[in-house]
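Note that the coordinates shown come from a computational prediction; the quantities given were computed from them, not determined experimentally.
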Amino acid sequence: QPKLDHFCKYFAIAYDRQICLVDGQYVWSFSTNSAATDRVTFLLNGNYVHDPYTNVSWQTLGGSVSLNLKRGDYLQMKGGYFQDTNNAYSSYHIEKN
């Protein structure tokens, strides 16, 4: 399998959040599996910004949201398989425009 380069730029990794280090426009995208009725909640500074939902078991949930962030803003994701111990069924990325 080819080696993929992943890195963290413009954000500091904290316990349960990503903290923005550089002002700008960002696109935050994700995909995850849903074990049952489930949702994935995007939070900016603790406030809801996007909340996709499914009521079908083992369905893939995905989405993205465009955000204008300032230094010190923080992002969190909750729900889906993001709370699973190995996160084997989830991924996300944040890109600066």
Side-chain angles (χ1 to χ4, degrees):
Q1 187 171 21
K3 179 181 177 253
L4 300 175
D5 292 325
H6 299 283
F7 55 91
C8 183
K9 188 174 181 181
Y10 308 123
F11 286 87
I13 299 171
Y15 173 69
D16 66 346
R17 61 193 68 191
Q18 306 287 317
I19 302 168
C20 182
L21 300 175
V22 177
D23 293 1
Q25 187 72 29
Y26 294 86
V27 176
W28 188 12
S29 304
F30 81 97
S31 77
T32 188
N33 278 343
S34 170
T37 301
D38 209 353
R39 66 185 351 107
V40 175
T41 303
F42 287 80
L43 300 164
L44 169 59
N45 299 327
N47 299 307
Y48 292 99
V49 292
H50 190 48
D51 198 26
Y53 170 81
T54 184
N55 61 359
V56 178
S57 187
W58 293 107
Q59 176 174 316
T60 299
L61 261 154
S64 64
V65 62
S66 181
L67 301 165
N68 187 20
L69 301 177
K70 301 224 181 283
R71 181 177 171 86
D73 285 346
Y74 65 91
L75 304 174
Q76 295 173 290
M77 291 178 73
K78 300 192 182 236
Y81 265 90
F82 289 100
Q83 271 60 261
D84 188 49
T85 56
N86 63 11
N87 290 322
Y89 305 106
S90 302
S91 68
Y92 75 94
H93 67 273
I94 305 167
E95 294 181 45
K96 188 173 191 301
N97 287 340

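Considering only heavy atoms from C-beta on, L69 comes within 4.5 Å of F11 through its side chain. Between F42 and L75, the closest side-chain pair of non-hydrogen atoms is not below 4.5 Å.
The two atoms that bring N45 and G72 nearest to each other are OD1-O, 4.3 Å, heavy atoms only.
L21 and V27 end up in different hydrophobic clusters when Ile, Leu, Val, Met, Phe, Trp and Tyr side chains are linked at under 4.5 Å. At a threshold of 4.5 Å between side-chain heavy atoms, the hydrophobic network of Ile, Leu, Val, Met, Phe, Trp and Tyr places M77 and V49 in one connected group.
Under a 3.5 Å cut-off, the side chain of R71 and the backbone N or O of V22 do not form any donor-acceptor pair.
Cluster partners of I19, by chain and number: Y74. The rule joins Ile, Leu, Val, Met, Phe, Trp and Tyr whenever side-chain heavy atoms lie under 4.5 Å apart.
Rounding to the nearest 0.5 Å gives a distance of 9.5 Å between CG of L44 and SG of C20. Between S31 atom OG and H93 atom NE2 the span is 9.5 Å, to the nearest 0.5 Å.
Under the side chain to side chain donor-acceptor pair (under 3.5 Å) criterion, N68 pairs with no residue at all, not counting sequence neighbours.
At a cut-off of 3.5 Å, with distance as the only test, no side-chain donor of Y26 or Q18 sits close to an acceptor on the other residue.
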